[in-house]
Amino acid sequence: MDQTERSLRRLTKRSQFLRAARGNRAGRSAFGLQAIASSEAAPGIGFTVTKKTGNSPERNRIKRRLRAAVTACADDFHPSHDYVLVGRREALGESFSRLVADLTTCIARVHAPKSPDKPNTHGRAGHRNTRP
RNA sequence: CCAGUUGACCGGGUGGCCGCUGUCGGAUGGGUAACUGUCCGAUGGAGGAAAGUCCGGGCUCCAUCGAAACACGGUGCCGGGUAACGCCCGGCGGGGGCGACCCUAGGGAAAGUGCCACAGAAAGCAAACCGCCGGUCUUCGGACAGGCAAGGGUGAAAGGGUGCGGUAAGAGCGCACCGGGCGACCAGCAAUGGAAGCCGCACGGUAAACCCCACCGGGAGCAAGACCAAAUAGGGAUGACGCGGGGCUUCGGCCCCAGCCUGUUUCGAGGCCAGAUCAUCCGGGUUGGUUGCACCAGGCGUCCUGGCAACAGGCGCCGCAGAUGAAUGGCCACCACGUACGCACUCUCGGGUGCGUGCCCUACAGAACCCGGCUUAUAGGUCAACUGGCAUU
RNA sequence: GGCCACGUGGCGGAGUGGUGACGCAGCGGAUUGCAAAUCCGCGUACUCCGGUUCAAUUCCGGACGUGGCCU
């Protein structure tokens, strides 16, 4: 199968979500992002919104807006990683451009090195330079 | 014009860019397989409640020869509609509203049982606490044996009400009116309504208390059920059975002999156990896919016929969601609606109209096997019929 | 998606037609030099809305919330 860089996998299994919850996290008001290295080549994306967030039209709408934001910045996802987006209620009121900007910075934060005393961005910059 | 009642309907629109998913047609790949990917074109894609899961069905499996009875549960004025219903329509009784209209689980309490707390003398067979009345006795305070149920008091409820007569005091004791019971007969399919006449009045409430009567109901649910593939394991239980020779045979087996011997046990025996073979049955845990699954009590109509209506029959047209970490959307622009503020004009305070800016960019809410209902949530708007009031003609 | 069960004080938890126990916690008092322990006393909506009944936490219907089971 021809695996282009843009094609994304969808996470569907409970075990995949639990695995991603052990990885690095970053949060904004509209969503939380979890990421972990994976054996698959294509990046995997999963969405989850808890029942506490609202009723089903609101939960569906949150997932749709996040899905649209993910396709808008699909190139930012690193290969061989799984991502899980945890939807929050604020995703309903946030403007779409703000949503995309937040998602881009969160992806960067998740891949930044963990040690706080050494805010090294070389590795991340190297990755970003490979893209056009 | 104002206030209101009932019924029906709508539930943002247009354009652009980027996507999701079903079906059909074509092209081309992948997988051991069940199956499935990619591209192109055409075409479809949430609701009036999709919700709650409160009723009724279809469908599937289980049980059952079939049915009935008992138990349990439900329903409950009458007639009709319906596949069916606890739903709908029409009518009746009761209650509310000036009215249009609204509400109403509304069978049986003289078949039986239970309960009616507190208060009160007494809570259901009637009786008599304070009282009233005359009589006898009296120490003049009252006591005794009778008559009575009007008045007081209690209570949610006290065995008809008001008035007059009557009486020792009273009482349906008598009478008038009202209420109540039985009710020939009349109207109606019926519920029920009307009603001559009779009865001084016997019969409190509660059945969403047990119960009686009539009718209905077998249970579970599409995570029902059917099939396929992979994989764990050659699992467990029961039964039959060794090899050889001979005889009989309906060719399935049966009988005789005691030669051979995998293990173990035994005084001993293919007698038992285990192993091996065959047959039948049972089961754990792990996933994935297909089907069930979208053409049927189907939808629509200024249509026709019957009916007050619910609805039924006919005619014509249409094919109308099928997801599974779960599609039906994301963003932008304009318009309409709503709302807040400001300005201007007008006016019977209220309010109305126009312009600008901001907000919400819509309320309630998302199909999950499918239908018929009920209930609950719902911004705002439209239409029709009717009622009351004011003004005018 | 389907099928069940349960809502009583701040918490746990009886009661089931006649106004509600009990324990822990809290508050006040007694005791003590001061506390603890002990003793006495106190309070708070029976989840909500209708109906039946003279009377409902209880019976009936509806709503809301919480929890469980089935692949």
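- In this structure, A:R65 reaches the sugar-phosphate backbone alone: every heavy-atom distance under 4.0 Å involves primed, P, OP1 or OP2 atoms, never a base.
- With its glycosidic angle more than 90° from 0, B:G56 adopts the anti conformation.
- Rounded to whole Å, atom C1' of B:U362 lies 13 Å from atom CD of A:E58.
- Taking the P atom of each, B:A190 and B:C78 are spaced 14 Å apart, rounded to whole Å.
- In this structure B:C35 sits in the anti conformation; its chi angle is more than 90° from 0.
- Nucleic acid contact class of A:N60 (heavy atoms, under 4.0 Å, all strands): base.
- Taking atom C1' in both B:G134 and B:G147, the straight-line distance is 9 Å, to the nearest Å.
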Checklist entry - Yes or no on side chain to side chain contact (heavy atoms under 4.5 Å, CB included) for A:T105 and A:R28, after CA distance, side-chain angles and deciding distance? => result CA-CA 10 Å; A:T105 58; A:R28 274 288 191 270; 3.5 Å; yes
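- Counting heavy atoms from C-beta on, the side chains of A:Q34 and A:V110 never come closer than 4.5 Å.
- C:U66 is paired with C:A5 under the Watson-Crick or G-U wobble criterion, all donor-acceptor distances under 3.5 Å.
- The main-chain N or O of A:V49 is never found under 3.5 Å from a side-chain atom of A:R59 such that the two would form a donor-acceptor pair.
- Look at B:G96: its glycosidic torsion is beyond 90° from 0, and that puts it in the anti range.
- Looking only at side-chain heavy atoms (C-beta outward), A:I62 and A:F31 stay at 4.5 Å or farther from each other.
- Side-chain atoms of A:R65 come within 3.5 Å of backbone atoms of A:A91 as a donor-acceptor pair (strictly under, hydrogens ignored).
- Residue A:R98 contributes atom CZ, which lies 19 Å from atom C1' of B:G330 at whole-angstrom precision.
- B:A340 and B:U357 make up a base pair, with Watson-Crick or G-U wobble contacts both under 3.5 Å.
- One can place CG of A:L92 at 12 Å from P of B:U362, the figure rounded to the nearest angstrom.
- Remark: B:G76 base-pairs with B:C213. Criterion, Watson-Crick or G-U wobble with two distances under 3.5 Å.
- The residue A:T48 sits close to a base: some heavy atom pair falls under 4.0 Å.
- Nucleotide B:G153 forms a pair with no other nucleotide shown, judged by Watson-Crick or G-U wobble geometry with both contacts under 3.5 Å.
- Taking atom CG on A:L103 and atom C1' on B:G330, their separation rounds to 14 Å, with Å as the unit.
- Comparing B:G268 with B:G275, their P atoms sit 25 Å apart, to the nearest whole Å.
- Linking Ile, Leu, Val, Met, Phe, Trp and Tyr whenever their side-chain heavy atoms come within less than 4.5 Å puts A:L92 and A:F47 in one cluster.
- Nucleotides B:G107 and B:U192, compared at atom C1', are 15 Å apart to the nearest Å.
- B:C390 makes up no base pair with any nucleotide shown, lacking Watson-Crick or G-U wobble contacts both under 3.5 Å.
- Remark: the separation of the C1' atoms in B:A327 and B:C20 is 6 Å, to the nearest Å.
- Base-pair partner of B:G188: not found among the strands shown (Watson-Crick or G-U wobble, both distances under 3.5 Å).
- Nucleotides B:U264 and B:G271 have their C1' atoms positioned 14 Å apart, rounded to a whole Å.
- Summarising the base pairing, B:C254 is matched to B:G247 through a Watson-Crick or G-U wobble pair whose two defining distances lie under 3.5 Å.
- Whole-Å rounding puts the A:R64 CZ to B:A327 P distance at 6 Å.
- Within the nucleic acid shown, A:R59 has no heavy atom closer than 4.0 Å to any nucleic acid atom.
- Summarising the base pairing, C:U38 is matched to C:A30 through a Watson-Crick or G-U wobble pair whose two defining distances lie under 3.5 Å.
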